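Notes follow once the structure below has been shown.
In this text, all values refer to a predicted model and were calculated from it rather than measured experimentally. Side chains included, hydrogens not; waters and symmetry mates left out as well; all remaining heavy atoms used. First the proteins, then the strands, lettered A, B, ... as listed; each starts at 1.
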Amino acid sequence: MKENFKIAWRNLWRNRRRTIITSASVFFAVFFAVIMRSYQLGSYDHMISSFIESYSGYLQVQHIKFQDDPLIDNSFSYTDSLAARISRVDKVVSVAPHIESFALVSSGTQTKGTVVLAIDPEKERKFSNPENKLVKYRITREAIDRLKGSGNIHANVLDEIEKNIGNSYSSRARLELELGLSADDNELYIPEILKACEVSNGFLTNYDEGVLVSDRLAGYLKTTIGDTIILLGQGYHGASAAGVFPVRGIIKMPVPDIDNRLIIMTIQAAQKFLDSEGMITSLSVNLTGKSHRTLNEAKNKINLLLIDGITTAKTWEELNPVLVQQIQGDSQSGMAMLALLYFIIFFGIYGTVLMMVAERTREFGVLISIGMQKRKLKKIISIEMLLLGSIGLVCGLLAGTPIILYFYYYPIILKGDLAKMMEDYGVDPMMPTAWFGPYFYWQAIIIGLMILIATIYPLRKIGKLKVIEALRS
Amino acid sequence: MKVIEIRDVHKIYDETEVAVRAVDGVTLNFDEAEFAAIVGPSGSGKTTLLNLIGGLDIPTLGEITIAGTNLRTLKSSELIDFRLHNIGFVFQSYNLIPVLSAKENVEFIMTLQKWPRKERDDRTFELLKAVGLEDRINSRPAKMSGGQQQRVAVARALASRPKFVLADEPTANLDSKSASKLLEIMEKLNHEEKITFIFSTHDARVVKMAHRVITLEDGKVVSDEVRE
């Protein structure tokens, strides 16, 4: 075996340039494939986690009619004991009751249709922790004027800040990323910028009568903390729902589509507003894993606990078929691109194999004539082919690994028009990579298959080789 | 003792409209330690006869028996194995394995035969010394002259102590000095190792040194001269 490997390895470098070119083509294909796929899957994960974990949950217990007809009439009676039983199901990390309804919101002369989400503030802390999403900093004209007035901020930094006027942030890290200042500028100016842009914000208490308004909606309504808003909707069994609610806080939702139309209040306030005492529309459940298996196992176990006949557990995929279709469609187009890339690479490898066989037919004849069995020659050629593919494959995976790792921990934050475009599509403008998974190992399988197919030709050629003809070639 | 027995061997190529009789009813015997040259004009059937003796080609008619084994009775893989253990080949254009050094080329056959490393090393050094290349053991074929490559090829052919060596025009691509040196080496090895050498050649120097000269014309043996 050692001898076979030695000959195969040396054969590989007989035509150094050709081997380098072929390996380079495999390298670039693998490198781009893992990076591209990692970004694609990372974006899906991000989209799912920003939408699902912070809003609907991986599983929801709903009235059987609620998904098709999302009215408060299709709500169900909630008890703490049900939530407790569900939270004991394997892989369940948090359970939170929600009421989801629709209402018209009005403030001053502005009116808009909104989603009203009612939460239990204590339970919600463990579920989506909306407190983390409260707006902490906002770049306003007044804040910029204060910074200009202090005379401590460099003009270039002020320009960067001005570009982001009107934007609000739920964390210092997000503000720093968005401004994109150098490390030195960050150290020098960020404390003063934070101070100037700081927003005092509040959260809901358990029996609060106030509401949280999503940042973009608050901007549209021209409302702020301490103001009041009017909600008008339809309550339980056709009752009119109307109420005046003080704004306790402004919340920045990661998904722009939700950030445009969300009002959060407590369950008690919502039940009073909608006249639906003791009722909720969903129990949202977050899990430790996201795999189909985990989801379905948890769903089945929860369904066993639902004995009232009017409620059922549904996965996020069942609840968001459009999102699932979007992801599947995008994923398939990405895979089609990769297939095209590999298709081209395959012909590169196959061309190399054809030339290699044509150049060495005589040598094959010599080796067989002096006593090398065809099966041994086939082994050497197979090892040679394997090495040819492996060099590019291993290098491609090794080169892709640090990039995937880096952007997994430090995702690209998009800015400008591209960010706006993504926001318009309802996606947080952030591009993380996906952690190493099957997509990474699949590259090895694909290259392995390509090599296997390309190896069929020389092996057949050796199998059918006539020594005399080979020696004359 | 007879090493090779050729009985009424014919090789007919009938792929073309007119069948070509490359070897036409040849009957010959070769004994141990012979140094024989097969001569004749181009197209007389020298290389074809050599290929038939070496089991690289199958006769249309007739039998070739080597050390008691009728080649016709062997399957393809058995024939390869038979060549490995019984026949050494020296080709006109050397045909060394380009990625292996002189030493590795010589020991290649022994590796295929699974010789122990120590014996392999000893035999390789002994042969490379015999062909005067003990100082080039680590050189690859591309770094050696044609004469040196052909000497490595001779060492390779003798490596596993075959019953006989077939050399197809071994001096054809060599200058006269290299050719003479190669012939001297082969004659010496023939004498020392008692291995039969059969050449096909046009080279008068080879003919001059041969102990037996077989002349072919149109695939037939027209003379078989044994010299003392």
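Summarising the local packing, CZ of B:R161 is surrounded by more than 12 heavy atoms from other residues, nucleotides or ligands at distances under 6.0 Å. No more than 12 heavy atoms of other residues, nucleotides or ligands sit less than 6.0 Å from atom CD1 of B:I58. By the neighbour-count criterion of 12 heavy atoms within 6.0 Å, atom CG of B:D218 is sparsely surrounded, having that number or fewer from other residues, nucleotides or ligands. Environment of CE in A:M337: sparse, with no more than 12 heavy atoms of neighbouring residues, nucleotides or ligands closer than 6.0 Å. Counted within 6.0 Å of OH on A:Y410, heavy atoms from surrounding residues, nucleotides or ligands total 12 or fewer; the atom is thus considered open. Residue-environment remark: NZ (B:K220) stays at or below the threshold of 12 foreign heavy atoms within 6.0 Å. Within 6.0 Å of atom NZ in A:K376, more than 12 heavy atoms from other residues, nucleotides or ligands are found, so the atom counts as buried in its surroundings. Annotation: B:R72, atom CZ; neighbour count of heavy atoms from other residues, nucleotides and ligands within 6.0 Å is above 12.
Residue with the most contacts toward chain B among A:V467, A:L367, A:I368: A:I368 (heavy-atom pairs, distance under 4.5 Å). Of the listed residues (B:N51, B:L79, B:L84), the greatest number of heavy-atom pairs within a distance under 4.5 Å of chain A belongs to B:L84.
Neither the backbone nor the side chain of B:Q113 comes within less than 4.5 Å of any heavy atom in chain A. For A:K466, no part sits under 4.5 Å from any heavy atom of chain B, backbone or side chain. Contacts between B:I97 and chain A at a heavy-atom distance below 4.5 Å involve the side chain alone, from C-beta outward. There is no contact between A:R360 and chain B, counting heavy-atom distances below 4.5 Å.
With rounding to the nearest 0.5 angstrom, the CD1 atom of B:I87 is 12.5 Å from the CD1 atom of A:I370. A distance of 6.0 Å separates CG of B:L100 from CZ of A:R10, quoted to the nearest 0.5 Å. For the atom pair CD1 (A:I468) and CG (B:L52), the distance works out to 7.5 Å, reported to the nearest 0.5 Å. A distance of 4.5 Å separates CD1 in A:I7 from CZ in B:F108, rounded to the nearest 0.5 Å.
In this structure, the salt bridge (Lys or Arg N to Asp or Glu O under 4.0 Å) partners of B:E107, at least two apart in sequence or on a different chain, are B:K103, B:R120. Not counting sequence neighbours, the partners of A:W13 by the ring-ring contact (aromatic ring centres under 6.0 Å, His included) test are A:W9. Qualifying salt bridge (Lys or Arg N to Asp or Glu O under 4.0 Å) partners for B:K194, counting only residues two or more places apart in sequence or in other chains: none.
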For this session: Report the C-alpha separation of A:R362 and B:S93 in whole Å, then their side-chain angles, then the decisive distance to 0.1 Å, and conclude whether the side-chain hydrogen bond (donor to acceptor under 3.5 Å, both in side chains) test is met.
Result: CA-CA 11 Å; A:R362 182 186 173 83; B:S93 48; 2.7 Å; yes

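Scanning residues 446-458 of chain A against chain B with a 4.5 Å heavy-atom cutoff picks out nothing at all.
Test B:D168, B:T47, B:L56, B:D57 against A:L471 for side-chain contact (heavy atoms from CB on, under 4.5 Å) and you get one pass: B:L56.
A:R14 and B:P98 get closest at one heavy-atom pair: NH2-CG, 3.2 Å. Heavy-atom minimum distance, A:S369 versus B:F91: OG-CZ, 3.3 Å.
Put simply, the side chain of B:R83 never gets that close to the backbone of A:M372: no donor and acceptor are under 3.5 Å apart. Judged by distance alone, with hydrogens and angles left aside, the side-chain atoms of A:Q373 form a donor-acceptor pair with the main-chain N or O of B:S77 at under 3.5 Å.
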